[in-house]
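I have a structure here, written as structure tokens, and I will follow up with some questions on it.
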Amino acid sequence: MAKKTGIKIKAADVSVHYGDKQALHNVSLDIEAKTVTAFIGPSGCGKSTFLRCFNRMNDVIPSAKVSGSIQLDGAEINDAALDPVLLRAKVGMVFQKPNPFPKTIFENVAYGPRIHGLVTSRREEQDVVEDSLKKAGLWGEVSDRLHDQATALSGGQQQRLCIARAIAVNPEVLLMDEPCSALDPIATTIIEELISELQKKFTILIVTHSMQQAARVSQKTAYFHLGELVEHGTTVDIFSNPKNDQTEAYISGKIG
Amino acid sequence: MTFFTSFSSLALLIVVIAIATYLFSRRKVTQAAAADHVKPHSLARYYGLYAGAWALLPAFLVLVVWTLGSQPFIDANVQTLLVQAYPDLEKGFLDLKLAQVQNIAAGLIESQDETLLKLADDYAEALQQASNLRTSIVLLAMLVAVIYAYRRVSPALKARILFETLLRRAFFIAAAIAIVTTVGIIASLLIEAVRFFSQYGLLDFFFGTHWSPNVALREVAAGAADEDVGGSTGSFGMLPVMAGTLLVATIAMAVALPIGLFAAIYMAEFASKRVRDVVKPTLEVLAGVPTVVYGFFAALTAAPFFRAIGLNLGLDVSAQSALAAGAVMGVMIIPFISSLSDDVITAVPQSLRDGALGLGSTRGEMVTKVVLPAAFPGLVGAFLLAISRAIGETMIVVMAAGVSAKLTANPLESVTTVTVQIVMLLTGDTAFDSLKTLSAFALGITLFTATLLLNIAALTAARRLGQRYE
């Protein structure tokens, strides 16, 4: 059981439309700080859409319209006056497919700190890169070839590099959109262990298709179906004692 | 008689026979299958197509060979007769007489010369006989092929497979024709260029600084007085011409590269879908404007405009300037660069954009720090292709750049380019074996080599981009 450490994010009545189609229906959910919260549900259930609300990545899609309220530490992030660029420095994101930039390993990690002016000297920059790669559990494998192309790394290494890149700007929240779906089981295990480690410092929201993964890494779970939040609670409760029939059908493998 | 020998009626006959073969073969296989209660290997139409192709192909082949081969054969015969009629004439004049004979035979000109009239009659008769022979041979070849194919048609014949093989060969031949044509063009250029270099030094050509090929328009060129050094043989140092080409191309790229690239970035990364749907086709309309229209614009609008500005600033701008030609050429190339760059930029995966934005980049940072570096090899490819277009462009420079070969880097002066010189050398009354005309081929092969190298470099660069995101 995760110990209570306070509410980090309060989402209230969040709806998302893509053009005429409503992808998310009035979802309200509180996210606890320094906890891993898993979003599960069948494809097209709106879990990724919901995740993209927390760093306003839906702004990138021209037809998307988001309504409702999301408060991060009490500050409204859907405020039109808020600069999504600053928000995204606080709320980092790791994507489904590893997407390292076609630059060197070092340049990839240093990218965020540079654009946000977090480092002032070459020395600091090197420290941040080393520290981030260590936190992402990649340092041992790449310390002697920081200036090789990042695209030459294996898929699992690339994904850990993307995690290092995200935590290099020292965010408070980390969004992970099916971070292991493109990886083999061994790389998946490494990333899952890493998530448990990162949880000590960051509030983590993870979308996953794998219920075993949700059970292994998360303390809280939210089950989505057809754009609605069906049920949420501690992971132990959801998996051992689901209250909703749909949730039970999904986690027992009858639908999905 | 003429109906059966004229080309169009022969073509019609061939098509009719082929269609008949198609229909009869299809019927034959259907009936045979019904009689034997078997299912044919292929659909009935494949048997028709198979036999129809057999009807067409030999006829087509014979026609092609005949068309290519018979004319020189007849000409050679008439040539022999000409030599007998005019034993004293030189080769060049004999060619002239041959042309006269051909024209009289075709009824294009008239003549009172008995000898010529007699020869023309012989020539016309030879043509007629050749034509009759052609019809007979084509029809014979067709007949043999049709009988062969029709007899083979039976339900057991694997017509579908055979027709497939035939199609594959047809596609291969189409591809081969493109390559053979290219090789032919290079060869024809090379042969003439070699003839030029056998009379004129290689080093003198490539590194000579004086270009004065004794062009008919030479008097017009500025500073013509001191160009008589070469005398009647002319002097063929290509450096001034190459320098003019590079100057105009550089100006064109200086205009087209930033505007084209920025337009592409705008369209790919910033424009809303509605704006993009209007701007992109509009830009591409620019690419459809004939270059001669750009030439008008350069000569009649841009050049006087630059001249007027120059006067205001106290600069002496020539009426035909490298600046006017280069700037208009740049405008012409803008859609080329923007369209290619847009494709390249759009090909950068969305996941990289998401990654950059997810880290808190602004759109500008995303474009300059992630998207453009990722697209860089492809962009280089696009620019190289554009440069190769710029140095090969002819019409604008013919109309706006001038003809005087000066070794200068001043864009306000009139310059000449490789393409302009080729046009000058090969238009008007020219003997085809003089050094002057041959020099055009030397210029041509130089230009060809330059653009070929640029295109190869461009393709290599683009391929490298493709590999990165497979």
Side-chain angles (χ1 to χ4, degrees), chain A residues 19 48 51-52 54-63 83-104 107-118 149-152 158-159 161-171 174-177 182, chain B residues 261 265-280 341-382 460-470:
Chain A
S48 284
L51 188 77
R52 290 167 71 94
F54 292 97
N55 65 345
R56 301 246 316 244
M57 274 303 271
N58 286 318
D59 290 13
V60 176
I61 303 162
S63 64
D83 187 353
V85 165
L86 298 178
L87 171 68
R88 289 172 196 154
K90 268 198 240 175
V91 183
M93 187 160 195
V94 176
F95 295 85
Q96 183 171 358
K97 223 182 111 207
N99 57 351
F101 302 138
K103 301 170 183 284
T104 65
E107 296 276 322
N108 262 278
V109 184
Y111 179 91
R114 278 184 195 162
I115 60 168
H116 293 295
L118 300 178
Q149 280 296 311
T151 39
Q158 286 187 9
Q159 194 61 299
L161 177 67
C162 291
I163 292 172
R165 190 174 68 183
I167 59 186
V169 293
N170 204 18
L174 212 48
L175 310 176
M176 297 183 150
D177 190 356
Chain B
L261 180 60
I265 292 173
Y266 172 72
M267 283 191 296
E269 302 293 346
F270 293 98
S272 68
K273 194 183 171 317
R274 266 174 53 204
V275 174
R276 187 183 157 90
D277 285 350
V278 176
V279 174
K280 202 169 153 69
S341 305
D342 183 49
D343 291 347
V344 170
I345 292 171
T346 320
V348 172
Q350 180 63 31
S351 67
L352 287 185
R353 293 186 179 82
D354 285 347
L357 292 174
L359 283 170
S361 315
T362 63
R363 274 197 175 265
E365 287 164 346
M366 174 196 86
V367 169
T368 52
K369 293 193 163 64
V370 175
V371 176
L372 288 187
F376 188 72
L379 294 175
V380 170
T460 316
R463 195 168 303 146
R464 201 172 298 160
L465 175 77
Q467 278 167 353
R468 194 179 284 179
Y469 297 113
E470 259 162 18

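Chain A is the first sequence line, chain B the second, and so forth, proteins listed ahead of strands; every chain is numbered from 1. This is a predicted model, so every value here is computed, not measured.
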**OP:** Kindly indicate whether the side chain of A:Lys103, heavy atoms from C-beta on, has any atom under 4.5 Å from the side chain of B:Pro373.
**Re:**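 The answer is yes; the side chains approach within 4.5 Å.
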Original post:
In terms of heavy-atom proximity below 4.5 Å to chain B, should A:Pro100 be classed as side chain, backbone, both, or neither?
Top reply: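 The backbone, not the side chain.
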**OP:** Mark yes when over 12 heavy atoms from residues, nucleotides or ligands other than B:Lys280 sit less than 6.0 Å from its NZ; otherwise mark no.
**Re:**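 Yes - once you tally the heavy atoms of other residues, nucleotides and ligands closer than 6.0 Å, there are more than 12.
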Original post:
Is there a side-chain contact between B:Leu357 and A:Arg88 (heavy atoms, below 4.5 Å)?
Top reply: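 Touching, per the 4.5 Å side-chain cut-off.
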Original post:
What are the two closest non-hydrogen atoms of B:Lys369 and A:Tyr111, and how far apart are they?
Top reply: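 Looking at all heavy atoms of both residues, the shortest contact is CB-CE1, 3.6 Å.
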Subject >> Qualifying residues under salt bridge (Lys or Arg N to Asp or Glu O under 4.0 Å), relative to B:Glu365, sequence neighbours excluded >> reply: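 B:Glu365 satisfies salt bridge (Lys or Arg N to Asp or Glu O under 4.0 Å) with no other residue.
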**OP:** Find the distance between CD1 (A:Ile115) and CE (B:Met366) and round it off to the nearest 0.5 Å.
**Re:**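 If we round to the nearest 0.5 Å, A:Ile115:CD1 and B:Met366:CE are 11.5 Å apart.
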Original post:
Side chain, backbone, both or neither: which part of A:Val94 has an atom under 4.5 Å from a heavy atom of chain B?
Top reply: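 For A:Val94, no heavy atom lies under 4.5 Å from chain B.
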**OP:** Pick one of side chain, backbone, both or neither for A:Arg165, based on which atoms fall under 4.5 Å of a heavy atom in chain B.
**Re:**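 The answer is both parts of A:Arg165.
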Subject >> Heavy-atom pair with the smallest gap, counting every atom of A:Phe101 and B:Leu352 >> reply: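 Residues A:Phe101 and B:Leu352, closest heavy atoms: CE2-O, 3.6 Å.
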**OP:** Starting at CG of A:Asn99, measure out to CZ of B:Arg353 and round the result to the nearest 0.5 Å.
**Re:**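 Answer rounded to 0.5 Å: 12.0 Å.
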Original post:
What distance separates A:His116 NE2 from B:Ser361 OG, expressed to the nearest 0.5 Å?
Top reply: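 These two atoms lie 6.5 Å from each other.
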**OP:** Please report the closest heavy-atom contact between A:Val60 and B:Asp354, naming both atoms and the distance.
**Re:**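 Scanning both residues, the minimum pair turns out to be CG1-OD1, 4.4 Å.
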